[in-house]
Amino acid sequence: MREYRARLTTAAAAVKCVKSGDNVFIGTCSSAAGDLCDALADRKDEIRDLTVSCSLVLKPLRLLRGEIEGFRLNTFFVGPQERAAIDRG
């Protein structure tokens with residue numbers, strides 16, 4: 001348990017390793033990691049050319065709202081959120 005506690009971190013710290021040009025898989029359906037996605041969205045001015053991969057995300061996520069330039073969507077199943085993101089370009 002001590003080792004587990006020593007590895008706990010914040011979402012903001014966890015996404016510090018993501019860099020421009022990376023491909024990040026955020027999950028599927030209800031398992032999309034909302035806090036990590038928000039932390040990535042917060043880094044929109046630091047990261048360019050990021051590919052966000054997902055499948056039928058059920059939670060509303062800022063990453064998929066089309067507000068962030070330089071982030072591309074790669075989806076394996078197009079649900080309502082993904083369809084709206086694709087329509088926005």
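All values reported here derive from a predicted model rather than from experimental measurement.
- The side-chain hydrogen bond (donor to acceptor under 3.5 Å, both in side chains) check on Asp35 picks up nothing, with sequence neighbours excluded.
- Annotation: side chain to side chain contact (heavy atoms under 4.5 Å, CB included) contacts of Ala6 (sequence neighbours excluded): none.
- Evaluation of the side chain to side chain contact (heavy atoms under 4.5 Å, CB included) rule for Ala84 yields Arg88 as partners, not counting sequence neighbours.
- Sorted by first and then second residue, the side-chain hydrogen bond (donor to acceptor under 3.5 Å, both in side chains) pairs with a member in residues 6-18 read Glu3-Arg7; sequence neighbours excluded.
- Residues meeting the side-chain hydrogen bond (donor to acceptor under 3.5 Å, both in side chains) test with Arg65, sequence neighbours left out: none.
- Partners of Glu69 according to the salt bridge (Lys or Arg N to Asp or Glu O under 4.0 Å) rule, which considers only residues two or more places apart in sequence or in another chain, do not exist here.
- Looking at residues two or more places apart in sequence or on another chain, you find no side-chain hydrogen bond (donor to acceptor under 3.5 Å, both in side chains) involving Arg5.
- The line from OG1 of Thr51 to CG of Leu73 is 9.0 Å long, rounded to the nearest 0.5 Å.
- Taken to the nearest 0.5 Å, the CD atom of Gln81 stands 8.0 Å off from the SG atom of Cys54.
- Listed by chain and number, the residues in a side chain to side chain contact (heavy atoms under 4.5 Å, CB included) with Asp49 are Arg72 (sequence neighbours excluded).
- Scanning for side chain to side chain contact (heavy atoms under 4.5 Å, CB included) contacts around Phe77 gives Ser55, Leu56, with sequence neighbours left out.
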Under 3.5 Å, side-chain donor or acceptor atoms of residues 26-34 against the rest of the protein: list the pairs with distances, not counting sequence neighbours.
{"unit_1": "Ser31", "atom_1": "OG", "unit_2": "Thr28", "atom_2": "N", "d": "3.2"}
{"unit_1": "Ser31", "atom_1": "OG", "unit_2": "Thr28", "atom_2": "O", "d": "2.6"}

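- When hydrophobic clusters are built by joining Ile, Leu, Val, Met, Phe, Trp and Tyr residues whose side-chain heavy atoms come closer than 4.5 Å, directly or via intermediates, Leu50 is not grouped with Phe76.
- Val78 and Leu58 end up in different hydrophobic clusters when Ile, Leu, Val, Met, Phe, Trp and Tyr side chains are linked at under 4.5 Å.
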Under 3.5 Å donor-acceptor pairs involving side-chain atoms of residues 40-47, not counting sequence neighbours:
{"unit_1": "Asp42", "atom_1": "OD1", "unit_2": "Arg62", "atom_2": "NH1", "d": "3.3"}
{"unit_1": "Asp42", "atom_1": "OD1", "unit_2": "Arg62", "atom_2": "NH2", "d": "2.5"}
{"unit_1": "Arg43", "atom_1": "NE", "unit_2": "Glu46", "atom_2": "OE1", "d": "3.0"}
{"unit_1": "Arg43", "atom_1": "NH1", "unit_2": "Val15", "atom_2": "O", "d": "2.6"}
{"unit_1": "Arg43", "atom_1": "NH1", "unit_2": "Val18", "atom_2": "O", "d": "2.9"}
{"unit_1": "Arg43", "atom_1": "NH2", "unit_2": "Val18", "atom_2": "O", "d": "3.4"}
{"unit_1": "Arg43", "atom_1": "NH2", "unit_2": "Glu46", "atom_2": "OE1", "d": "3.3"}

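- Residues meeting the side-chain hydrogen bond (donor to acceptor under 3.5 Å, both in side chains) test with Asp22, sequence neighbours left out: Lys19.
- There is no path of hydrophobic side-chain contacts, each under 4.5 Å, that joins Phe25 to Val57.
- Distance CD/Glu82 to CG/Leu61: 9.0 Å, rounded to 0.5 Å.
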